[in-house]
Amino acid sequence: MPVTPWVAEYVWVSGKNTYHDLRSKYKTMTNVAIENATLEDFPVWNFDGSSTNQHRGNNTEIIIKPVAVYPHPFLENAKVALSECFYPDGTPEKGNTRNKAAEVFAKYKDDVPMFGLEQEYFIYKNGKPYMWPEGGFPIGQGDYYCGNGSQVCGRELALEHYQACLVMGLKISGVNAEVAPSQWEFQVGPCIGIEEGDHMIMARWVFQRIAEKYGLEINYDPKPIKGDWNGSGCHMNFSTKAMREEGGIKAIKAACENLKKTFLDDVKFYGGDNNERMTGAHETSKLSEFTYGVGTRHTSCRIGNDVNAAGKGYFEDRRPASNIDPYLATTRLFTSSMGYTADAPDVAQLERQTWWAELEREAAENAKN
């Protein structure tokens with residue numbers, strides 16, 4: 001019996017970043033009925049890397065290999081295939097950070113690392129926050145966080161995104177209005193290992209498509225509005241099997257002590273221009289030092305009061321910026337907190353940022369005092 005044709009949309013990260021530079025194309029599938037399709041039924045495909053600045057040399061082809069499949073949130077009779085990029089010789093394309101992350105999480109799978117990420121963002125239109133006054137500013141912060149009423153901007157968009165993610169089966173666990181108007185947050189998790197990065201990438205892709213429909217932009221800059229306005233972060237809640245078991249608070253505190261040793265390199269994996277956000281104000285700590293405490297929101301990491309009382313659970317790393325690569329950031333937090341060997345920033349091919357020199361100078365000064 002012939003198979004009814006259906007649509008597969010291949011989605012991949014094209015290397016510039018993991019929030020706006022998300023590409024996709026469509027393929028008609030006739031090899032298997034859609035209701036019976038599994039990951040193995042999605043063929044390896046390719047695209048022209050010269051059109052995305054991903055190719056190297058004269059061979060411009062980039063290979064895309066599906067790694068996860070989801071129901072399509074916008075099309076009927078369709079599925080979405082998250083895919084990794086490879087050069088023709090089989091090596092991961094330079095922007096393919098998922099490949100190394102998957103290796104790390106597979107190597108240490110017995111730790112069962114669990115994540116929950118809190119993705120903050122601004123909704124923008126025509127180069128400014130959505131529904132902000134022309135040529136001016138709204139009233140100051142205070143009434144917007146988890147607010148209801150005419151002062152809240154963009155709820156219909158945040159909820160449309162929420163519903164679409166649920167349709168896909170993504171582990172989106174909540175949504176709330178944030179401290180500034182047109183600033184929102186969605187949470188992805190709890191997820192185990194590589195699944196956290198996958199679900200975050202797909203949740204960002206969903207928002208790209210919704211923004212496309214309305215002529216809007218989802219802004220992931222850490223500090224898009226200068227002055228007395230909150231920046232945007234992507235706090236990471238993290239635990240291992242040992243932390244979640246009885247007496248796990250010891251493992252949590254040991255992890256925080258490990259992070260004291262590596263913080264100067266860790267923050268380089270936590271997003272670009274994060275120095276503009278992490279100033280010690282607006283519920284942030286300073287990047288040039290590492291601190292942690294119970295119930296604190298001005299420290300690098302926070303242990304919840306409920307976790308401290310229970311003696312087990314998780315902790316929150318409050319340093320990551322809204323524009324993190326979730327694969328780089330989750331693997332770095334995991335390996336550093338556990339004391340495992342991790343790639344240095346240059347080995348991971350991170351682009352050196354100008355503020356790193358000042359960060360290193362301040363950290364050296366702090367070490368002397």
Side-chain angles (χ1 to χ4, degrees), residues 5-31 39-70 72-75 78-103 124 127 194 197-198 200-213 215-221 268-269 271-273 322-329 331 343 345-354:
W6 53 278
V7 177
E9 183 168 2
Y10 283 56
V11 176
W12 66 90
V13 176
S14 257
K16 292 180 183 176
N17 55 58
T18 57
Y19 44 93
H20 286 156
D21 197 17
L22 304 175
R23 315 280 180 130
S24 68
K25 64 176 184 173
Y26 306 91
K27 186 180 190 70
T28 300
M29 301 284 281
T30 57
N31 60 325
L39 176 62
E40 289 70 28
D41 295 311
F42 288 73
V44 172
W45 207 8
N46 63 77
F47 65 89
D48 176 16
S50 68
S51 298
T52 61
N53 293 315
Q54 288 178 270
H55 72 292
R56 60 183 185 188
N58 294 324
N59 191 338
T60 66
E61 197 168 90
I62 296 293
I63 309 302
I64 42 177
K65 297 181 180 180
V67 292
V69 175
Y70 310 92
H72 204 295
F74 306 118
L75 298 178
K79 288 184 178 290
V80 181
L82 174 63
S83 305
E84 285 188 27
C85 293
F86 294 85
Y87 295 115
D89 64 3
T91 58
E93 185 268 335
K94 65 179 180 180
N96 180 358
T97 54
R98 185 190 187 278
N99 192 261
K100 180 62 180 290
E103 290 180 0
Y124 262 54
I194 197 67
D198 289 350
M200 179 58 77
I201 293 295
M202 295 315 302
R204 288 172 171 179
W205 170 78
V206 169
F207 234 150
Q208 285 295 94
R209 294 293 288 273
I210 291 173
E212 173 187 315
K213 181 170 68 171
L216 300 171
E217 177 190 348
I218 306 305
N219 186 302
Y220 295 100
D221 291 343
K268 297 171 184 176
F269 289 80
D273 299 322
S322 48
N323 59 2
I324 59 166
D325 177 326
Y327 298 123
L328 286 176
T331 51
D343 286 345
D346 58 337
V347 176
Q349 300 184 57
L350 299 186
E351 184 177 346
R352 185 172 178 83
Q353 299 199 19
T354 56

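Positions are given from 1 along the sequence.
- Summarising the geometry, atom NZ belonging to Lys268 is positioned 10.5 Å from atom CD belonging to Gln353; distances are rounded to the nearest 0.5 Å.
- Looking only at side-chain heavy atoms (C-beta outward), Arg98 and Pro92 stay at 4.5 Å or farther from each other.
- The shortest non-hydrogen separation linking Gly272 to Asn323 is O-ND2, 3.1 Å.
- Between Phe269 and Ile324 the shortest side-chain heavy-atom distance does not fall below 4.5 Å.
- Looking only at side-chain heavy atoms (C-beta outward), Tyr87 and Lys94 come within less than 4.5 Å of each other.
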side-chain contact (heavy atoms from CB on, under 4.5 Å) between Tyr327 and Lys100: does it pass, once the steps are laid out?
CA-CA 9 Å; Tyr327 298 123; Lys100 180 62 180 290; over 6 Å; no
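- For the pair Trp12/Gln54, a side-chain contact is recorded, criterion being any heavy-atom separation below 4.5 Å from C-beta on.
- Of all the heavy atoms in Ile194 and Ala101, the pair that sits closest is CD1-CB, 3.7 Å.
- Under the side-chain contact (heavy atoms from CB on, under 4.5 Å) criterion, Asp21 pairs with Ser14, Lys16, Asn17, Arg23, sequence neighbours left out.
- Taking CD from Glu84 and CD1 from Ile64, the interatomic distance works out to 12.0 Å, rounded to the nearest 0.5 Å.
- Among residues two or more places apart in sequence or in another chain, the side-chain contact (heavy atoms from CB on, under 4.5 Å) test is passed with Lys65 by Val44, Ile63, Phe86.
- By the side-chain contact (heavy atoms from CB on, under 4.5 Å) test, Val13 pairs with Thr18, Leu22, Ile201, sequence neighbours left out.
- Between Phe74 and Val206, some side-chain heavy-atom pair lies under the 4.5 Å cut-off.
- Rounding to the nearest 0.5 Å places CG of Asn46 at 11.5 Å from OG of Ser83.
- Proximity of Pro43 to Lys27: side-chain heavy atoms (C-beta onward) are separated by under 4.5 Å at one or more points.
- Within the 4.5 Å cutoff, the side chain of Ile62 has heavy atoms near those of the Glu93 side chain.
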Would you check, one step at a time, whether the test side-chain contact (heavy atoms from CB on, under 4.5 Å) holds for Ile218 with Tyr19?
CA-CA 9 Å; Ile218 306 305; Tyr19 44 93; over 6 Å; no
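- Considering every non-hydrogen atom in both Ala81 and Pro66, the closest pair reads CB-CB, 4.2 Å.
- By the side-chain contact (heavy atoms from CB on, under 4.5 Å) test, Val11 is found to be paired with Glu9, Ser24, Val80, Met202, Trp205, residues two or more places apart in sequence or in another chain being considered.
- The CG atom of Asp325 lies 3.5 Å from the OG1 atom of Thr97; values are rounded to the nearest 0.5 Å.
- For the ring-ring contact (aromatic ring centres under 6.0 Å, His included) test, residues two or more places apart in sequence or in another chain that qualify with Phe207 are Tyr121, His161.
- Side-chain rings of Tyr26 and Trp45 stay apart, their centers remaining 6.0 Å or farther from each other.
- Annotation: side chain of Tyr220 is in contact with side chain of His20 (closest heavy-atom distance under 4.5 Å).
- Qualifying salt bridge (charged side-chain N to carboxylate O under 4.0 Å, His left out) partners for Glu217, counting only residues two or more places apart in sequence or in other chains: none.
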